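Reminder, nothing fancy here: chain letters follow the sequence lines and each chain counts from 1. Quick caveat, the model's predicted, so the values are computed rather than measured.
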There are 2 protein chains.
Amino acid sequence: MQLTLSTNKLSETTEDAAVIEQLARQLKVLGEPNRLRIVQLLREGVQCNCELVDALDMAPNLISHHLRILREAGLVEVERDAVDARWMYYSLNRAALEQLTSLFSQFFDPARIKERHPACGPQGSVTRSKEIQLLL
Amino acid sequence: MQLTLSTNKLSETTEDAAVIEQLARQLKVLGEPNRLRIVQLLREGVQCNCELVDALDMAPNLISHHLRILREAGLVEVERDAVDARWMYYSLNRAALEQLTSLFSQFFDPARIKERHPACGPQGSVTRSKEIQLLL
DNA sequence: CTGATAGATCAATGATTATTGAACTAATTG
DNA sequence: CAATTAGTTCAATAATCATTGATCTATCAG
């Protein structure tokens, strides 16, 4: 799915609710250890289901399941072998990863974290920053 | 948690099983929409629980829960107000985000995806790449 | 046509985890 | 001290989702 931003100002790029949703969806998909391992293997090049089964020691249908999730998230693509159509070849979607890494770097860029003092708390807030003590 | 790599060769940095596990753990934490929204708010600066409650329209204990998860993943830190110790101030852990974005960019870098032909499949594999047809 | 092969789909189970409401702490205020 | 306030912790519920086993679909080989 290709998302268009509701604004073209870079500073608001990562504020768009739909973008956040999409980012969360993809991160959740990648946050599953077995799927992350599949992605790691796919980085080494196109793989068929059976190769992943061998490498990960998992049931074929489970691999199938995770590949489907990855595919539905737009992160992985499938091709069918033209010579023997029983074989499926899975590969990473470069464009999707390009977009994802770009958004991720922006969203979590430490340099863009603001120093703002909280709007709530006691009036002592003004000088709080120097008095604060670490918890536990 | 600070992870040391079992190898110092850049090309193998993202191959380390422990690193993958840790990456998966953090991505899963960030893959929850409400938590991602919390992170988004924390990017605007330190926030107390109550501010997040207002901004996200969620129960305080639920915010507490998600903040704990973020904290246990090392992504968020807490401080207690020195003037009125009832207030807690949450902030993003810059060092952790630095490390995470770096690892993420490396791991999902499209440029590092190899073109390798699958080791399985029919003998026709050799010329497969040009014959392959897209599935659905 | 009959197996065998690669893999997907389906239904059921189990584990994880977000959410909710109630009770609890600790600190401040009157 | 009693009442508030900010926030956490705990137990219970509900929803999500990974895993498993069985079945199903194509496709290819004999």
Nucleotide [N], atom [atom2] - distance to [atom1] of [X] in whole Å:
X	N	atom1	atom2	result
B/L52	D/dA6	CG	P	14 Å
A/L67	C/dT9	CG	C1'	14 Å
A/D54	C/dG7	CG	P	10 Å
A/R68	D/dT19	CZ	P	16 Å
B/W87	C/dT25	CH2	C1'	16 Å
B/I38	D/dG7	CD1	C1'	14 Å
B/L56	D/dG7	CG	C1'	16 Å
B/Q47	D/dA6	CD	C1'	15 Å

> Do the cysteine sulfurs of B/C120 and A/C48 sit under 2.5 angstrom from one another?
Replying inline: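 In this structure, B/C120 and A/C48 share a disulfide.
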>> Base contacts versus sugar-phosphate-only contacts with protein, heavy atoms under 4.0 Å: please encode nucleotides 21-30 of chain D as B, S and - from 5' to 3'.
In response: BB----BS--
> Where along nucleotides 13-19 of chain C does protein come under 4.0 Å, by heavy atom, of base (B) or sugar-phosphate alone (S), with - for untouched nucleotides?
Replying inline: ----SSB
> For the side chain of B/E32 and the backbone of B/V29, is there at least one donor-acceptor N/O pair under 3.5 Å apart?
Replying inline: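 No, B/E32 side chain to B/V29 backbone: no donor-acceptor pair under 3.5 Å.
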Among residues at least two apart in sequence or on other chains, which ones pass side chain to side chain contact (heavy atoms under 4.5 Å, CB included) with [X]?
X	answer
B/V39	A/F107, A/F108, B/L30, B/L70, B/L92
B/H65	B/L62, B/I69
B/E72	B/R68
A/N93	A/E77, A/A95, A/A96

>> Under the salt bridge (Lys or Arg N to Asp or Glu O under 4.0 Å) definition, can you give me all pairs with a residue in residues 91-101 of chain A, not counting sequence neighbours?
In response: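 Applying salt bridge (Lys or Arg N to Asp or Glu O under 4.0 Å) to every pair that reaches into residues 91-101 of chain A, excluding sequence neighbours, yields A/R94-B/E115.
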>> If the condition is salt bridge (Lys or Arg N to Asp or Glu O under 4.0 Å), which residues does A/R37 pass it with, not counting sequence neighbours?
In response: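 Testing A/R37 for salt bridge (Lys or Arg N to Asp or Glu O under 4.0 Å), a comparison that skips the adjacent residues, returns B/E21.
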> How close do B/R71 and B/V78 get, heavy atom to heavy atom, and via which atoms?
Replying inline: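 Reported closest heavy-atom pair: CD-CG2, 2.7 Å.
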